[in-house]
Every structure is written in C-alpha cells, then in structure tokens.
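Inspection log for the structure reproduced underneath, given as structure tokens.
Every chain is numbered from 1, with letters handed out A, B, ... down the list of sequences.
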Amino acid sequence: GESVGLHLPTLSVQEGDNSIINCAYSNSASDYFIWYKQESGKGPQFIIDIRSNMDKRQGQRVTVLLNKTVKHLSLQIAATQPGDSAVYFCAEIPNQAGTALIFGKGTTLSVSS
Amino acid sequence: DGGITQSPKYLFRKEGQNVTLSCEQNLNHDAMYWYRQDPGQGLRLIYYSQIVNDFQKGDIAEGYSVSREKKESFPLTVTSAQKNPTAFYLCATTTGGYTGELFFGEGSRLTVL
C-alpha cells in the first residue's frame, strides 16, 4: 500500500551542526512532496516542497533532496539552531486529482546548546 | 488576519458523549481537511471536503461525521462510536484542485475521561 515513512524517529544534534532528516516513500506515482515542521502543541507549518521533476531545492537554511530511483527524500538543515527543535514530517501526494497528502510518522529533532 | 481557527483548543468529554470540534477559515480556500494525530504518530486523514455540500471519507472515518454547509466552516463531530477518541485533531485547508501545501490550524486536543 501507499506509505510514507521516516528512517529515524529521533535525531539529536548540537547547535551549529548540520541536520539531515530522511524519509522513504513507497508510491512511485507520487510527484509532489512537502516537508512540515511541527512545534509542540501547534499545527504543522510548511517548510519546503519539491516536485518529482526536480532532484534538489533550496530554501533559507534548508535543502530538500529527492532521489526517485530509491524513492528517498531528505531534509537538510544548515547550522541547526535550538529553535529548529520540533517534529518534522514528510508528506507525499500521489498523482491523482483530489488526493489528499499522505504523511509519514515524523522525526523529532532535538538541538542542544 | 487570514487564517484557520480551531476551537476549542482543549476539550474534555465523558465516554458516550458526542462532541463537535469547530474549524473556521477566512482564506477563501475551497478544500478543507480533518486529521487526527496520536503521540509519536503521523497525521491520519479523517475526512476532507473539496467543495461546499460535498465531502469524502479519509483513512479513519469510522466514528466521525462532518458537514460542509458553508465554504468557511468544516465542523467535525466525534461520536460515541469512536472507540479511542483521545487525540490531537488538526484542521487544514488548501486552495483545492490538485492539492498542494496545506495550511493548518492550531489544533484541538480532545481527552475522554
């Protein structure tokens, strides 16, 4: 079945390090992917997205990489800050009109000073 | 300010009672969604609506009901038939059609005593 998963449920880094959060997806027909950040007790917030015709997209301090060959998605956060501590979700949308996003289980990023 | 308002933020109910969670948006978005989030889990889709007076079941619709009488409003009723209703409920919207970025409310935490 369709599923989106993350390799690790938790990731702990030191402030200033680069963080890499990974996600594997199973539906080869998915052509749009989004990373969300969720702080405790709040709704998820959009970070960055990528379409399947791209393999890399950069934002402010964040980069998303897409490897369609192995159906793998990653989020890289440069110079991680304590404010980056949150749960990060990847989400995919299959190439079907009107289909809702499918979310992975999330990776909890903890940044220590 | 444009946004999504969920209420109440915290809700307690006794077993066997129905409860309705409110979701209101002034973003003029066509599509609205309800997700459920359990600790350490991703977001699971309950119901979604792409247009007024129409809605579809998501992956875990049993024990829930919705209505979409107005574009701005998409209330979710958690019925007594829902066996494990304690969870964090998130409402989201998008512009509709081929769904892309979801905009989330701040969530409602329901606890069944």
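Residues B:L11 and B:V66 share a hydrophobic cluster, clusters being chains of Ile/Leu/Val/Met/Phe/Trp/Tyr side chains in contact below 4.5 Å. A:L75 is not connected to A:L65 by any chain of hydrophobic side-chain contacts under 4.5 Å among Ile, Leu, Val, Met, Phe, Trp and Tyr, and they are in different clusters. Taking hydrophobic clusters as Ile, Leu, Val, Met, Phe, Trp and Tyr residues chained together by side-chain heavy-atom distances below 4.5 Å, A:I48 shares a cluster with A:I50.
More than 12 non-hydrogen atoms from other residues, nucleotides or ligands lie less than 6.0 angstrom from CD of A:E15. A 6.0 Å sphere centred on CD of B:Q56 holds more than 12 heavy atoms belonging to other residues, nucleotides or ligands. The environment of A:K56 atom NZ is sparse: at most 12 non-hydrogen atoms of other residues, nucleotides or ligands sit within 6.0 angstrom.
Rounded to the nearest 0.5 angstrom, B:L43 CG and A:I102 CD1 are separated by 12.5 Å. One finds the OH atom of B:Y48 at 11.5 Å from the CG atom of A:L101 (value rounded to the nearest 0.5 Å). The distance from the NZ atom of A:K105 to the CD atom of B:Q37 is 12.5 Å, given to the nearest 0.5 Å.
For the pair A:F103 and B:Y35, the minimum side-chain heavy-atom distance is below 4.5 Å. Residues A:Y36 and B:L102 form a side-chain contact, since some pair of their non-hydrogen atoms from C-beta on lies under 4.5 Å apart.
The shortest heavy-atom contact between A:P44 and B:L90 is CD-CD1, 3.7 Å. Across every non-hydrogen atom of A:K42 and B:F88, the tightest pair is O-CE2, 3.8 Å.
Heavy atoms closer than 4.5 Å to chain B are found in the side chain of A:Q38, but not in its backbone.
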